[in-house]
Structure formats: structure tokens, C-alpha cells
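Input: a single structure, listed below in C-alpha cells.
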Amino acid sequence: MYEGDVLAGNWRRPGKGKIPKVAAEPDLVVEDADSGFCGAVVACDKEAVTLEDRFGRRRLFPLAPAAFLLDGKPVTLVRPTAAPAGPRRSASGSIAVEGLRARVARESRIYVEGVHDAALVEKIWGHDLRVEGVVVEYLEGVDDLPAIVAEFDPGLGRRLGVLVDHLVPGSKESRIAAQITSPDVLVVGHPFVDIWQAVKPSVLRIPAWPDVPRGVPWKEGVIAALGWRMEPADAWRRILGAVSTFTDLEPELLGRVEELIDFVTEAP
């Protein structure tokens with residue numbers, strides 16, 4: 001009544017084209033059709049899959065056609081398709097613009113107090129600033145800020161953002177900043193004595209930034225307290241070299257720089 005032996009052949013490996021392909025995703029439980037070893041997928045490459053059974057034993061099996069059973073039915077395991085990579089991020093955490101060509105610089109500017117401030121802003125926000133066409137310039141302190149603002153001549157489409165160190169109530173810096181009243185100028189600051197302190201101590205493997213007594217130059221006092229035995233320029237290179245992303249900086253600086261970028265790029 002039958003044209004052949006219904007039990008003939010390999011019943012677990014039917015003809016080509018009838019076996020579903022299943023991605024060997026982590027934790028998928030399958031059985032090796034030949035040995036009967038049953039386990040969850042813990043690793044997979046282009047040639048083999050590693051299964052781990054309930055006793056923690058692991059075995060490596062080739063990704064042969066119809067080599068496994070899933071819920072009692074033969075399947076061909078295949079290497080999972082790699083998940084699409086997310087957008088690349090800049091050091092500031094923003095989505096990086098691929099193939100960026102810096103746009104023509106805006107008339108608006110951001111001023112920071114010193115060369116160290118400028119270097120840190122460039123390292124973390126440099127990509128964002130080039131996308132927006134914003135130039136960062138550094139001052140030698142803020143004692144002459146009112147005159148500098150007047151010389152800049154802010155106005156429509158020509159905004160100025162200023163980042164000030166140690167901008168806390170009652171400080172000299174706060175009194176100078178209070179003299180700036182133009183709606184096209186935004187003066188913001190962080191509470192740190194120096195931009196060095198905006199780098200998290202953990203990034204430098206130190207417990208905290210040391211307290212420097214009054215009358216002692218701050219940078220030199222910090223270097224001495226840390227026992228670094230180097231000049232301030234070398235110490236700064238060490239500090240800057242330890243910084244790679246925005247997560248290495250204190251929030252009090254991050255928020256202020258983002259605020260300045262938003263201000264000088266805001267449409268008039």
C-alpha cells in the first residue's frame with residue numbers, strides 16, 4: 001500500500017528546503033539532534049554554537065543543516081544578525097554628524113577665561129561647535145569684561161556667551177558679571193576656583209581636589225598637595241589627557257556650556 005518504508009531515511013533531517021532556519025539568539029534552548037545534548041545558547045559565531053545545559057556543562061556544536069531540535073522539530077541554527085549600530089556619539093553625548101564639514105563661523109562667539117578652559121571645551125564640545133559654526137575664544141581673566149563686551153558690540157544675530165570661573169555670590173567675578181546688562185550677552189559660570197576642578201577627581205584617581213590655603217597660588221598648591229612634582233603646564237596635560245567624554249566632568253560645568261551653546265545659536 002506504501003511506495004516505500006515510512007521509517008527509512010533520517011526522520012530528523014527531512015529534505016532540503018523544508019527545515020526552518022532559526023537565529024541562535026542567547027538563551028534559546030535547543031537539542032543537538034545527534035547526541036541529544038540539550039542546552040541554552042550562550043555563544044555563537046559563523047561556524048559553531050555553544051550550548052550550556054542545566055548543570056552548567058558546555059559543548060560546542062557546528063552549525064550544520066538540520067542539526068538541532070527546537071520543541072522536538074528539526075531546525076537549522078544560524079548566526080544571529082548583528083543589531084544595527086546606534087548613532088555614533090560625540091564626546092559631549094550628542095549625535096555625531098558623519099562627514100562633517102565645519103560651517104562658516106557665526107558672528108556670535110563664546111568667551112572663556114583662559115587657555116585651559118578653551119582646551120577643555122574644545123575636547124568635549126568641539127564637534128558640536130563646528131556643527132553650529134561657533135568659535136570659542138579665551139580671555140586672560142574677566143577683570144575687563146565690560147570693556148570686552150563693549151568692544152564686541154553685541155546685537156541682533158551677534159550674541160556673546162561668557163563662561164566665568166568661580167561665579168558664586170559675593171565673589172569678584174559675580175560683581176563684574178552683574179555689570180553686563182545686554183540682552184544679547186549671557187554670562188554664566190561654575191563654582192570652581194579653576195577649570196581643573198570641573199574634572200571629576202575619580203577620573204584622575206584622586207579622592208578629591210585638595211583645599212589650597214589662601215595666599216598660595218591655586219594650581220601650584222594643588223600640585224604640591226598631590227605630590228605630582230611637575231609644572232602647571234604638565235599637570236594640565238595630565239588632567240586633560242584623562243578626560244574623554246562629558247561623563248568625566250562635573251554637572252555644574254556641563255550645564256553651563258550647553259546653556260551658552262544654545263544661547264549663541266538661538267535664531268534671532
Side-chain angles (χ1 to χ4, degrees), residues 1-103 122-133 199-200 202-205 240-251 254-255 257-258 261-262 265:
M1 294 179 64
Y2 299 98
E3 295 182 357
D5 186 350
V6 295
L7 299 179
N10 189 337
W11 62 272
R12 289 184 302 191
R13 298 189 180 184
K16 183 179 179 181
K18 299 180 181 179
I19 304 298
K21 293 183 178 180
V22 176
E25 300 286 355
D27 298 325
L28 177 71
V29 177
V30 294
E31 177 185 346
D32 175 57
D34 288 330
S35 67
F37 184 90
C38 183
V41 174
V42 293
C44 184
D45 58 29
K46 62 181 180 180
E47 297 179 349
V49 62
T50 301
L51 303 182
E52 180 179 292
D53 70 8
R54 61 192 180 94
F55 301 107
R57 296 174 299 192
R58 294 189 178 190
R59 289 184 59 182
L60 185 69
F61 298 96
L63 292 177
F68 302 91
L69 300 178
L70 177 62
D71 295 331
K73 298 179 181 179
V75 296
T76 296
L77 290 186
V78 296
R79 189 179 186 182
T81 303
R88 189 173 67 86
R89 297 281 175 173
S90 70
S92 71
S94 64
I95 296 177
V97 178
E98 303 294 343
L100 170 67
R101 285 188 177 184
R103 60 177 288 174
E122 165 59 29
K123 186 162 189 178
I124 301 302
W125 289 275
H127 176 84
D128 308 59
L129 294 167
R130 283 184 284 279
V131 169
E132 299 292 350
V199 177
K200 292 179 179 178
S202 59
V203 175
L204 299 165
R205 301 181 185 276
L240 187 63
V243 173
S244 57
T245 74
F246 71 99
T247 58
D248 296 330
L249 304 181
E250 299 288 0
L254 295 174
V257 175
E258 296 287 351
I261 293 174
D262 288 345
T265 58

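This chain uses plain numbering: 1 for the first residue, then up along the sequence. Since this is a predicted model, take the numbers as computed values, not measurements.
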- Heavy-atom distance under 4.5 Å between the side chains of Val41 and Phe68, does that happen here? no
- Item | Residues Val30, Cys38; criterion side-chain contact (heavy atoms from CB on, under 4.5 Å); working and verdict | CA-CA 6 Å; Val30 294; Cys38 183; over 6 Å; no
- Note on the structure: With sequence neighbours left out, the residues meeting side chain to side chain contact (heavy atoms under 4.5 Å, CB included) with Ala43 are Thr50
- Message: Once you measure the plane-to-plane angle for Phe61 and Phe37, does it fall in the parallel (<30°), tilted (30-60°) or perpendicular (>60°) bin?
- Response: tilted
- Task: Could you check if a side-chain atom of Leu60 sits within less than 4.5 angstrom of a side-chain atom of Val49, using non-hydrogen atoms only?
- Result: no
- From Glu132 atom CD to His127 atom NE2, the distance as rounded to the nearest 0.5 Å: 9.5 Å
- Query: Heavy-atom distance under 4.5 Å between the side chains of Leu28 and Leu70, does that happen here?
  - Reply: yes
- Message: Quick test of your reading of the model: are Glu122 and Arg130 salt-bridged, counting only N-O distances below 4.0 Å?
- Response: yes
- What closest approach, in Å, do Gly36 and Glu31 show between heavy atoms, and which atom pair accounts for it? CA-OE2, 3.4 Å
- Pairs where residues 56-66 contributes a residue and the test side chain to side chain donor-acceptor pair (under 3.5 Å) is met, not counting sequence neighbours: Glu52-Arg58, Asp53-Arg57
- Do Val42 and Pro26 come close enough that some side-chain heavy atom pair is under 4.5 Å? no
- Message: Between Val22 and Thr76, is there a side-chain heavy-atom distance shorter than 4.5 Å?
- Response: no
Listing, residues 240-248 side-chain donor-acceptor contacts under 3.5 Å, not counting sequence neighbours, or none:
from   : atom 1 : to     : atom 2 : distance (Å)
Ser244 : OG     : Asp248 : OD2    : 3.2
Thr245 : OG1    : Thr247 : N      : 3.3
Thr245 : OG1    : Thr247 : OG1    : 2.6
Asp248 : OD2    : Ser244 : N      : 2.8
Asp248 : OD2    : Thr245 : N      : 3.3

